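Each remark here refers to the structure printed beneath this line.
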Amino acid sequence: MKLDPDQIREKLGIGADKVYGVIGEFDDPHELVHAGRKIREMGYTKLDAMTPFPVHGIDDAIGIPYSKLGWIVIPVSLAGTATAALLIWYVGAIQDKFVIGGKPLFDFTFSIPVMFELTILFTAFATFMGMWALNGLPRLYHPSLNYKNSHRASDDRFLLVIEADDPNFDAQKSAEHLRSVGAGDVEVVEG
Amino acid sequence: MSAHTDNYQLESARWATGRNVLFFAALVCVIGCVAGYLQDPARFFHSYLIAFCYTAAVGLGAFFFVMVQFLSGSAWSVTVRRIMENIMYTLPFGALLFIPLAFGLKDIYSWTNPSVIPHEPSMSGKLWWLHENFFIARTYIYFALWSLWVFSIYRQSTKQDTEKSIRQMHIASRWSAPGLFLVVAVGTLAAYDWLMTLEPTWYSTIFGLYFLAGGALTFMSIVYLVAVGFRRNGILTHSITLEHYHDLGKWMFALTAFYTYIAFSQYILIWYANIPEETQFFRHRMGGSWLYVALSLPFIRFVIPFFTLLCRPAKRNFGILTFIAIWSVAVEYVDLYWVVMPMYSPNGPHISWIDFATLGATLSLCGLAFWSRFRAHKLVPVGDLRLEQSLHFENA
């Protein structure tokens, strides 16, 4: 089978004819947070920020909701707790009824350490995998890499993105808006 | 950035009101203690031991956390650090609060009567340690060591208010590193002496941490309650923000888990080994209606506070945090009560007004020492170089 790059691009919604959004560049985190808040007040909802380190207050400024990861993690954690209890109960009190050290066949006292450990293990898995799933990882390509200064988002620049699927998006106007809140270098980036 | 600034000096009228309330409470409670002693000395001394250990545990928790703030160089805590330091300042006053106990050792500890001590091999190595004068001397050595550190660190911190130099921070950090050892090692010995020797044949090496972990949680809850009390009265409203309360909530959550970890570790090892000298602790504390107290402890000390504080919005909600803080402060007393009182009334708890008088007395006397500091010094360490950073602190 021959891979057709155009077909793949079409499927992923990327390519030179598509627009990912407008990216503006800032010199320091405070400017980014200020600009982000102003842009959001203009009515934009699909915003993103790329920064070399976590910037406090940016989530709130550009309206990124609090992560839903916790709602994935808690049921899996409790499943871990239950798995450990059921496993110890089934193996010790149903399958192989050995009295060890004069202890009862099943007791929460000796199950709790394992219940605790399995809770932690399941929690770690759910957190890690849930984070990957919610972020759409692994991902080999991201349109923001088409921005000429994208590498500086891991060094000394703070990028603010207005994404093209924002209902208010208009390449010309949005670029103008970013300049008006103080972005140094503004570019329309292809998808 | 912020246009608002707080008044960092407590108004003297407000300070006087607080002092009068505490002074009145102390007066009433001390009279109550004297009456309790005249009515039933054995009951009074047991109650007083709980109250004394309660305030000492809070003081030790404060001592630990103030030093941790200096060593970690944390910025978030700067605006609440003076509250922590002023609670730490009450620790040395434990030496005064201990005086009544020194006269009641015979009423509390069975080892003071050699004829009662069971002649068991496990006791032979302990007899030299369990001696009344040596016991009192040890307690004063503990307090002397702690006081030296507490006053030295406190002095540096308040000196920084006027000097505004990094030098005081460095000196306080140098005191803090060995100080942490002092909290845990000497605190463990103190817990062994004051509480573990209630059962002279019993031993549990983790018991010191059990005592300190409970005290640390109570301390964090009290810091929160003091800060919220200030907030309600319009004091430091711009300096201690929701972000700081969120962090105090995280600490309350973490210490709840830590306490449970220690308490359960102690229980499971004793349960598993099933050796008579060790199991007696739980046997005595599950006798009669004490059983219900023992069975409720996992729920009141872990399940309720842990699951209440688990999600982030709960730690940013004043109502929920205040509830859990008051809850934690109360259950610490229930916990200590459960450790001490089965020695006095083996068949179950009998709550008496003497319990309230003794706890009120130690709390209000420590409260006076705590409150007196707010007149002598600013409400926040104004000379700390990280204050500005702390004022603008935000949780990620």
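The structure displayed is predicted, hence computed values, not measured ones.
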Spacing of CH2 belonging to A:W71 relative to SG belonging to B:C311, to within rounding of 0.5 Å: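 Rounded to the nearest 0.5 Å, the CH2-SG separation comes to 6.5 Å.
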Within residues 131-160 of chain A, residues adjacent to chain B where the heavy-atom gap is under 4.5 Å: none
Part of residues 81-105 of chain A lying next to chain B, heavy-atom separation under 4.5 Å: A:K103, A:P104
Whether over 12 other heavy atoms sit under 6.0 Å from [X] [atom1]:
| X | atom1 | result |
| --- | --- | --- |
| B:K250 | NZ | yes |
| B:F299 | CZ | no |
| B:F306 | CZ | yes |

Side chain / backbone / both / neither for A:I74 at chain B, heavy atoms under 4.5 Å: side chain
Region of A:D107 in contact with chain B, defined by heavy-atom distances below 4.5 Å: side chain
Positions in residues 202-218 of chain B that reach chain A, provided some heavy atom is under 4.5 Å away: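 Result: none.
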Residue-level interface, residues 254-276 of chain B with chain A, non-hydrogen cut-off under 4.5 Å: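 The stretch touches chain A at B:Y261, B:F264, B:Y267, B:I268, B:W271, B:Y272, B:N274.
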